[in-house]
Amino acid sequence: RRAGSTADEDAYVRIIVTRGTGTAPNIDLAYAPGPATTVLMVRPLPKVAGNPSRLAMIPRLRNDRRALDPAIKSGNYLNNVLGLAEAKAKGATDCLFLNADGNVTEASTANFYVVIDEVIYTPPLGAGLLPGITRRMLEECAHGAGIAFRERNFSEDEIEHATEMFLTSTGRDISPVTHVNDRELNGGRTAPFTSKMMERFTAYCDAHALEVDAARLREFGIDV
């Protein structure tokens, strides 16, 4: 309410907890004896679900697992920021990173998928990517609909010839990919299978939300 949000609109909420005010530029906890500081950032959530993506493959490697594991959701977005800026300079809306082996990992803040013969393929976590919550929910949705969902590595050359792809993230749900490195897919429109998955995923999320709400009501002894 203090951020100006209303009950009928979605909001983006980020919670940040720090050790509190320090008395010197030093990482020693002795220099931050006070209470922790909690910051809540709230802003309207833009309606980006379903917006098409134009991808540019970036020859910038994801952070090496020996340095900072990409599976860790940290505040270190430098690699993502630089990759996204480079992709936008090429006229794309998002980037697609490769790992040290030359295999595709993920986009700047989204997981990546390829559709082949109505089977959904996505890079394995071991390739070096964040195991997104939406990625997990999409897998559950696919299995519930009897759609095969598999993990495997993809080389840059394979992506250059793939004909249907999409991205997922919490903020965008499913985002169809219409271009890769200026190559147009499906006439620049959302591919049929991706379109069906978008509908299925929306229905799955709505049903899941109702289940969660019902479970919470039961915790308070309210029959549903």
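- Within the 3.5 Å criterion, the main-chain N or O of Ala127 finds a donor-acceptor partner in the side chain of Asn99.
- Side-chain contact of Ser169 with Arg172: a donor-acceptor pair under 3.5 Å is present, judged by distance alone.
- Taken together through direct or relayed side-chain contacts under 4.5 Å among Ile, Leu, Val, Met, Phe, Trp and Tyr, Val81 and Leu55 form parts of separate hydrophobic clusters.
- How far CG of Leu138 is from CD1 of Ile120: 5.0 Å, rounded to the nearest 0.5 Å.
- Looking at Asp94 and Ser108, their side chains do bring a donor and an acceptor atom within 3.5 Å of each other.
- Atom NZ of residue Lys196 and atom CD of residue Glu118 lie 6.0 Å apart, to the nearest 0.5 angstrom.
- Using a 3.5 Å distance cut-off with no hydrogens or angles, the side chains of Glu140 and Tyr204 do pair a donor with an acceptor.
- Ionic pairing of Glu106 and Arg135 is not present here: no N-O contact between side-chain nitrogen and carboxylate oxygen is shorter than 4.0 angstrom.
- Without hydrogens or angle criteria, Arg43 side chain to Ala11 main chain gives no donor-acceptor distance under 3.5 Å.
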Checklist entry - Between Thr168 and Phe201, is a side-chain contact (heavy atoms from CB on, under 4.5 Å) present by the stated rule, with each step listed? => result CA-CA 11 Å; Thr168 66; Phe201 189 68; over 6 Å; no
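- Looking at Asn186 and Glu164, their side chains never bring a donor and an acceptor atom within 3.5 Å of each other.
- Phe166 and Tyr113 have parallel rings, their planes meeting at less than 30° on a 0 to 90° scale where 60° marks the start of perpendicular.
- Contact check for Thr194 versus Ile174: side-chain heavy atoms found under the 4.5 Å cut-off.
- Cluster annotation: Leu98 is connected to Phe154 through the hydrophobic network of ILVMFWY side chains, with a link wherever side-chain heavy atoms come within less than 4.5 Å.
- Residues Val119 and Ile159 share a single hydrophobic cluster, defined by chaining ILVMFWY side chains whose heavy atoms lie under 4.5 Å apart.
- Side-chain atoms of Asp28 never come within 3.5 Å of backbone atoms of Tyr31 as a donor-acceptor pair (strictly under, hydrogens ignored).
- Under a hydrophobic-cluster definition in which Ile, Leu, Val, Met, Phe, Trp and Tyr are linked whenever side-chain heavy atoms come within less than 4.5 Å, directly or via other members, Leu96 and Leu84 are assigned to different clusters.
- The hydrophobic clustering, which links ILVMFWY residues whose side-chain heavy atoms are closer than 4.5 Å, places Val42 and Ile15 together.
- In terms of modelled atom types and a separation under 3.5 Å, the side chain of Thr38 and the main chain of Val17 share no donor-acceptor contact.
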